[in-house]
Protein chains: 2
Amino acid sequence: MISEAYPVLAPQRREQIRKVVKQGGIARVEDLRKNLKVSVATIRRDLEILEEEGKVRRVHGGAVSMESRLEESVFDDKTSLASKEKIRIAEEAYSMIGTEESIFLDGGSTTLFLARMLTGRNDLTVVTNSLRAASELAEKGPRVILTGGELRRLSQTMVGPLSSAVLNQVRVDKAFMGTMGFCLMNGLTTTDPNEAFVKSLVAEHARQVILLADSSKAEKVSFARFSEWKQIDLLISDDGLTEVLAKSLRKLGLVVRLC
Amino acid sequence: MISEAYPVLAPQRREQIRKVVKQGGIARVEDLRKNLKVSVATIRRDLEILEEEGKVRRVHGGAVSMESRLEESVFDDKTSLASKEKIRIAEEAYSMIGTEESIFLDGGSTTLFLARMLTGRNDLTVVTNSLRAASELAEKGPRVILTGGELRRLSQTMVGPLSSAVLNQVRVDKAFMGTMGFCLMNGLTTTDPNEAFVKSLVAEHARQVILLADSSKAEKVSFARFSEWKQIDLLISDDGLTEVLAKSLRKLGLVVRLC
DNA sequence: TGCTTTTCATTCAAAAACGATCAAAATCAA
DNA sequence: TTGATTTTGATCGTTTTTGAATGAAAAGCA
């Protein structure tokens with residue numbers, strides 16, 4: 001083995017520094033010095049270079065990362081409340097995807113988990129209006145087609161009339177949709193009308209529409225309605241969903257899967 | 001091992017060096033000397049040759065592989081190589097943006113720096129086909145409109161015919177374009193035809209087309225041509241650009257700014 | 001506010017790495 | 001074999017990188 005304390009090449013070291021800073025969002029000069037076993041002067045010089053390259057911004061005592069942290073906000077989601085259910089729902093959804101299919105991925109955290117599971121599949125074509133889903137698949141995985149449109153910051157999705165231009169030109173086998181709320185009376189609703197517009201359009205261009213919604217969304221009604229129940233073919237939810245509601249939905253012709 | 005007694009032929013040795021560098025992404029001259037049992041002078045000469053062949057890039061103390069994993073290294077090299085010039089160019093470009101303007105941001109590292117500078121501007125509308133530029137502006141900043149289209153992983157941009165759907169519905173005041181290469185004879189060229197398609201379309205939908213290209217791009221010719229000089233209104237480059245070329249471009253009617 | 005501690009930028013000298021050059025060694029062609 | 005050509009290793013002056021030292025600036029604290 002050559003694992004002895006090897007001197008490290010400067011570019012290599014700077015790459016390490018960059019990663020450490022990006023990881024924690026911030027890093028102290030003193031900590032970097034200890035980890036990399038070089039003098040503070042060298043660390044400072046490296047940070048100076050990394051700052052010129054736009055990768056970090058120096059602050060008194062260390063440096064903060066300037067690199068986009070979209071991916072990490074995903075990690076934040078992972079620790080959120082209903083994440084276990086969401087992951088199970090995403091796994092169930094994944095099992096329904098056949099080979100060489102084209103699918104649509106909606107915005108929302110559940111579909112984001114699904115997106116992450118697709119990184120190994122390069123037989124698929126994924127259409128999405130979610131910037132986060134696209135980022136998950138940015139490195140490798142399926143063919144990715146983005147809908148385009150105006151960026152809605154709150155959900156990190158592309159919405160509005162402009163999105164229809166691309167959507168009108170594609171058809172997908174399965175559309176995996178999220179929702180802010182669903183109930184028997186009012187159907188599916190979300191907060192933003194522009195977002196609803198896209199969802200509604202997607203439902204029209206999919207052979208099969210699959211709703212991914214954990215039970216916390218049940219009986220919730222939001223502002224903009226984007227779909228009636230008859231447009232939905234399948235609902236995947238968790239066993240927190242009441243039997244009454246599940247039975248009613250099945251009566252409407254839906255397939256309901258609880259996991 | 002028996003190989004140590006045998007002197008190794010030079011091309012064979014260089015192939016070994018290439019592999020070692022590729023393997024670790026980076027290698028030190030001293031390590032290579034020990035492993036191959038030749039003098040540092042020889043290693044240096046070999047690295048020089050490998051650099052000319054484009055296989056490695058030399059750095060103080062060793063060399064880094066240029067043929068390593070697709071995405072990351074390519075983009076990192078791009079962002080670090082001539083970053084000072086690129087930041088200056090981006091700053092110059094920023095100074096040209098008026099209030100409440102709509103602009104297009106192309107893919108590429110220089111425009112990425114420009115995107116970063118726009119995070120404080122919420123009076124603007126930014127149209128872009130670059131996923132990275134959009135990510136920079138994902139949290140706050142201007143109104144962002146993404147073109148949509150198929151994701152090209154190497155450049156992290158949305159390209160191809162689908163992009164035209166959105167682009168045809170918008171007009172921008174200024175389009176900030178990057179390029180892989182530019183020269184007097186062949187105009188502006190880039191590697192991917194689908195990417196060229198988008199660039200070309202953008203140029204048609206902009207009141208003013210501004211090319212951001214550091215001097216390392218000069219006299220380079222890539223595969224797919226996307227624009228002739230008469231479509232470009234302004235070139236922002238660095239003072240590495242030869243006076244001869246600048247003069248010739250000015251004769252063509254371009255405004256050339258070197259910084 | 002004034003004082004202490006930490007962090008920073010600058011300077012300097014030592015060490016490492018570099019490029020250029022040249023002579024020795026190896027290879028090749030006859 | 002001999003002579004020409006290429007490759008290699010050693011040397012030397014130059015450049016780059018590094019770590020330590022110093023005073024200035026910033027942050028913490030009473």
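So you know, we letter chains A, B, ... as the sequences are listed, proteins then strands, and number each from 1.
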Can you tell me the distance, in whole Å, between the [atom1] atom of [X] and the [atom2] atom of [N]?
X: B/R13; N: C/dA26; atom1: CZ; atom2: P; value: 14 Å
X: B/L47; N: C/dA17; atom1: CG; atom2: P; value: 13 Å
X: B/K34; N: C/dA17; atom1: NZ; atom2: P; value: 11 Å
X: A/Q12; N: D/dT18; atom1: CD; atom2: P; value: 12 Å

According to a strict under-4.0 Å criterion, is B/T42 in side-chain N/O contact with OP1 or OP2 of D/dT8? no

Can you see if the side chain of B/S39 gets near the phosphate of D/dT8 - specifically, an N or O under 4.0 Å from OP1 or OP2? no

By nearest-nucleotide position on DNA chain D, the 5'-leaning member of B/V40 and A/I43 is B/V40

All side-chain contact (heavy atoms from CB on, under 4.5 Å) counterparts of [X], not counting sequence neighbours:
X: B/N35; result: none
X: B/E30; result: B/R28, B/R33, B/K34, B/V40
X: B/D192; result: B/R152, B/V159, B/N194, B/E195

If the sugar-phosphate is the primed atoms plus P, OP1 and OP2 and the base is the rest, what is the B/S/- string for nucleotides 6-11 of chain C, using protein heavy atoms under 4.0 Å? -SBS--

Check ion pair A/E51-A/R57 (N to O, under 4.0 angstrom): no

Give the table of side-chain donor-acceptor pairs shorter than 3.5 Å for residues 175-190 of chain B, with sequence neighbours excluded, one pair per line with atom names and distance.
residue	atom	partner	partner atom	Å
B/T179	OG1	B/G181	N	3.3
B/T179	OG1	B/G181	O	2.8
B/T179	OG1	B/T189	O	3.1
B/T189	OG1	B/S222	N	2.7

Residue pairs passing the salt bridge (Lys or Arg N to Asp or Glu O under 4.0 Å) test where at least one lies in residues 230-252 of chain B, sequence neighbours excluded: none

